[in-house]
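Here's the structure we're looking at; comments come further down.
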Amino acid sequence: MLTNKKVKDLIRDGYEHLSVDKKELSDMPAEMAKGDEWYLAGTASAEKRRSFSGMLKPALALVCLLLVFGIGTYRNNYKTTATIYLDVNPSIAVSINKDEKVLDVRALNEDAEKILAGMDFKGSSLKVTVNALIGSLVRNGYIDELSNSILVSVSDKDGNSAAELEKELLTEISSLLDNASILSQRVDTDDSTEALAEKYGISPGKAKLVRELADSSGMYTYEELAGLTIHELNLLNKRGESSSAQRNGEPSDRAYIGIKGAIDAALQHAGVEENRAYIDEAELEYDGSRMVYEVEFRAEDCEYDYTIDAVSGEVLSFEKKKSVTDSYIIAEPSVDGILPEEKIKQSVLQHAGLSDGQVTGFKTELEYEDSILKYEIEFVSGDQEYDYEVDALTGQILKSETETADHDD
C-alpha cells in the first residue's frame, strides 16, 4: 500500500540523487512555476536557473516514475474486481481483488453483524473467508435442516469472470453444506437494483431475487417479499422458474406441515373422505403475514377453497360453493402414503444412471393431475436436461425425457 511514509521515502530518494548543492536548493525559494522552468527568488542568472532546472527535472522524473509504479501496484492489489453477496437472513458483502484476495467484508444488516463478530478477513483468500462465513452461519443457527437455503450473488462487470466465480462458489459451498438449497446468480448493480436494495435495507442480490419473484407472480409486493428470509423466498419460488437464479438442491419444508398435512387438515375440516376428493391445487404461499398452504379441491357437487397455516395446520379461512359442473364421482384419488422427495430423487437418479454429485438444478413439484398425485422432476447433467414424472404413491416412473440443454437461456 502506498502510505505517506513510502511517499516521503520516494521523495527523499530522489532528493538524494540531485547533484545541485542541497543547501543552495533549500535557500532558494520559488516565486512561481511556469511550464518546465522554475523561477527562483534572488539574483541567480538565467543561465544558472536553466542549469538548475536541467538538473532538477531528471530527479523529479525519477520520483514521478516511482510514484506511478507504486500507484499501479496499489491499483492491482487493492482494486475491487468483484463483490460477492451472501444472503440467508444475514446479508454479507465480500469485496475481492483480481487474485481473489479479500479486501473488505461488510455486514449489511444487524443479523450479519453477529456473524462477523470478532473476525477480520482482510488479506485472506476468498475460499478461507467463505468457509469461515458458512461455519458462522451454521453455528448461529441461520442454516440448518429446517432452513437450508442460501443465496450467492456475484457482481462483476466481466461476465465471463463472474460466471467462473459463481461456479467456483457454488462448488465450494456445496462441499461445505449437505442437503443445502443454494441459489446462485450474477447481479448487475444498476440504479434500479441499488435503489430497491437501499429502500428496503437488503443486498443487491436479494433485491434482484425479490423483484423477479414479485414481477413474475403478480401476487406479492416488493415490500412483502423483502421482509422474508431467503429460505422463504426459495420455497415460494416453486420450481425455481420465477427467477434467473439457478437452484442447486431443494428447499426443505420440514418446518411446515407439508402439502399432505395441509390437504389432510382441509379434508378433515370439510368432512370429506380422501377417496372422494379431487385435489385441484395444494401450494405453499405467503399471505402478507405468514406462510400458508392454499388447498383447492372438489367433492361430489361442491368446490372447496382452504387457507391453512403452514406451521400449525390451523384452518385460517375456507369457502364452499356448489360446483358449476355436473355431479361426478372420483375414482380413488387418495392422498395417503405420499413417498418422500428424497426417495423419489434417488429412484430417478438410479434410473438415469447418475449420482447425486453429477446433477445440478434438481427441481421437484407435487401435482395432482388426471386423478394421479405425481412428482414432476427436472435436473441437468453435463449438457443434458432430464424431465421425469413419477407417481407420488407408488414411485412408478410415468415419463422420462432427455434433451440437450440450451446454455443460452
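By convention here, the first residue in the shown sequence is residue 1. Values reported hereafter were calculated over all heavy atoms of this structure, with side chains retained and with hydrogens, waters and symmetry mates removed. These numbers were taken from a predicted model, which means no experiment stands behind them.
- For E314, the side chain to side chain contact (heavy atoms under 4.5 Å, CB included) test picks out D309, S312, L316, with sequence neighbours left out.
- Side chains of T307 and E294: a donor-acceptor N/O pair is present below 3.5 angstrom, by distance only.
- Enclosure of atom CG in N140 by more than 12 non-hydrogen atoms of other residues, nucleotides or ligands within 6.0 angstrom is indicated.
- The shortest distance between side-chain heavy atoms of V187 and V154 does not fall below 4.5 Å.
- A heavy-atom distance below 4.5 Å is not found between the side chains of V295 and D280.
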Report the C-alpha separation of R276 and E300 in whole Å, then their side-chain angles, then the decisive distance to 0.1 Å, and conclude whether the salt bridge (charged side-chain N to carboxylate O under 4.0 Å, His left out) test is met. CA-CA 7 Å; R276 304 298 297 175; E300 301 299 342; 2.5 Å; yes
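- If you take CG on D305 and CD on E281, they are separated by 8.0 Å, rounding to the nearest 0.5 Å.
- Surrounding CD of E198 are at most 12 heavy atoms belonging to other residues, nucleotides or ligands under 6.0 Å away.
- Across all non-hydrogen atoms, the minimal contact from G205 to Y85 is N-CD1, 4.4 Å.
- Annotation: side chain to side chain contact (heavy atoms under 4.5 Å, CB included) contacts of A107 (sequence neighbours excluded): A112, E113, L116.
- Put simply, the side chain of T80 never gets that close to the backbone of A82: no donor and acceptor are under 3.5 Å apart.
- Taken to the nearest 0.5 Å, the CD1 atom of I263 stands 4.5 Å off from the CD1 atom of I279.
- For Q346, the side chain to side chain donor-acceptor pair (under 3.5 Å) test picks out E342, with sequence neighbours left out.
- Residues E401 and Y386 fail the side-chain proximity criterion, which asks for heavy atoms closer than 4.5 Å.
- One finds the CD atom of E100 at 13.5 Å from the OG atom of S124 (value rounded to the nearest 0.5 Å).
- Ion pairing of K322 with D301 is present here, as a side-chain N (NZ or NE/NH1/NH2) and a carboxylate O approach within less than 4.0 Å.
- With sequence neighbours excluded, no residue forms a ring pair (Phe, Tyr, Trp, His ring centres under 6.0 Å) with F121.
- Residues satisfying the side chain to side chain donor-acceptor pair (under 3.5 Å) test with Q268, not counting sequence neighbours, are none.
- Cation-pi geometry between K345 and F362 is met: the NZ or CZ atom falls under 6.0 Å from the ring centre, inside 45° of the normal.
- Of the N and O atoms on the side chains of N234 and R247, at least one donor lies less than 3.5 Å from an acceptor on the other residue.
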Taking it one step at a time, do V390 and K374 satisfy side chain to side chain contact (heavy atoms under 4.5 Å, CB included)? CA-CA 5 Å; V390 181; K374 58 186 177 183; over 6 Å; no
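- With sequence neighbours excluded, no residue satisfies side chain to side chain donor-acceptor pair (under 3.5 Å) with T221.
- For the atom pair CD of Q358 and CD of Q384, the computed distance is 13.0 Å after rounding to the nearest 0.5 Å.
- Atoms CG and CD, from L183 and Q246 in turn, are 9.5 Å apart once rounded to the nearest 0.5 Å.
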For residues 282-289, dump all side-chain donor-acceptor pairs below 3.5 Å to protein atoms at least two apart in sequence or in another chain.
| residue | atom | partner | partner atom | Å |
| --- | --- | --- | --- | --- |
| E285 | OE1 | Y220 | OH | 2.7 |
| E285 | OE2 | K238 | NZ | 3.3 |
| Y286 | OH | G288 | O | 3.1 |
| D287 | OD1 | S289 | N | 2.9 |
| D287 | OD1 | S289 | OG | 3.2 |
| D287 | OD1 | R290 | N | 2.9 |

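- Under the 3.5 Å distance criterion, with hydrogens and angles disregarded, a donor-acceptor pair is assigned to the side chains of R211 and S192.
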Would you sort out whether E145 and R254 count as a salt bridge (charged side-chain N to carboxylate O under 4.0 Å, His left out), showing the intermediate values? CA-CA 8 Å; E145 60 183 8; R254 294 177 60 182; 3.5 Å; yes
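- For I182 against V152, the heavy-atom pair with the smallest separation is CG2-CG2, 4.2 Å.
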Can you list the steps and then say if D387 with K399 is a side chain to side chain contact (heavy atoms under 4.5 Å, CB included)? CA-CA 8 Å; D387 189 357; K399 184 186 81 170; 3.6 Å; yes
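- Annotation: side chain to side chain donor-acceptor pair (under 3.5 Å) contacts of S125 (sequence neighbours excluded): none.
- Under a 3.5 Å cut-off, the side chain of E164 and the backbone N or O of S161 do not form any donor-acceptor pair.
- Listed by first and then second residue, the salt bridge (Lys or Arg N to Asp or Glu O under 4.0 Å) pairs involving residues 122-135 amount to none (not counting sequence neighbours).
- Within the structure, salt bridge (Lys or Arg N to Asp or Glu O under 4.0 Å) pairs that include any residue of residues 168-184 do not occur (at least two apart or interchain).
- Considering every non-hydrogen atom in both N148 and S252, the closest pair reads OD1-N, 2.9 Å.
- Atom OG1 of T83 and atom CD1 of I96 lie 8.0 Å apart (nearest 0.5 Å).
- The shortest heavy-atom contact between G123 and K101 is O-CD, 3.8 Å.
- A salt bridge is defined here as a Lys NZ or Arg NE, NH1 or NH2 lying under 4.0 Å from an Asp or Glu carboxylate O, and R186 with D188 fails to meet this definition.
- A270 meets the side chain to side chain contact (heavy atoms under 4.5 Å, CB included) test with V272, F297, Y304, Y306; sequence neighbours excluded.
- Residues meeting the side chain to side chain contact (heavy atoms under 4.5 Å, CB included) test with I257, sequence neighbours left out: A262, Y293, I308.
- Side-chain contact between I202 and D87 is absent, with no heavy-atom pair separated by less than 4.5 Å.
- Of all the heavy atoms in N89 and N109, the pair that sits closest is O-ND2, 2.8 Å.
- Side-chain contact between N237 and L233 is absent, with no heavy atoms from C-beta onward closer than 4.5 Å.
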Report the C-alpha separation of S153 and K208 in whole Å, then their side-chain angles, then the decisive distance to 0.1 Å, and conclude whether the side chain to side chain contact (heavy atoms under 4.5 Å, CB included) test is met. CA-CA 9 Å; S153 308; K208 179 184 179 183; over 6 Å; no
For the pair E376 and Y388, evaluate side chain to side chain contact (heavy atoms under 4.5 Å, CB included) and give the outcome as yes or no after the intermediate values. CA-CA 6 Å; E376 293 193 356; Y388 276 80; over 6 Å; no
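- No side-chain donor from either of S181 and E250 sits under 3.5 Å from a side-chain acceptor of the other.
- For N248 against G361, the heavy-atom pair with the smallest separation is OD1-N, 3.8 Å.
- Between I150 and I230 the shortest side-chain heavy-atom distance does not fall below 4.5 Å.
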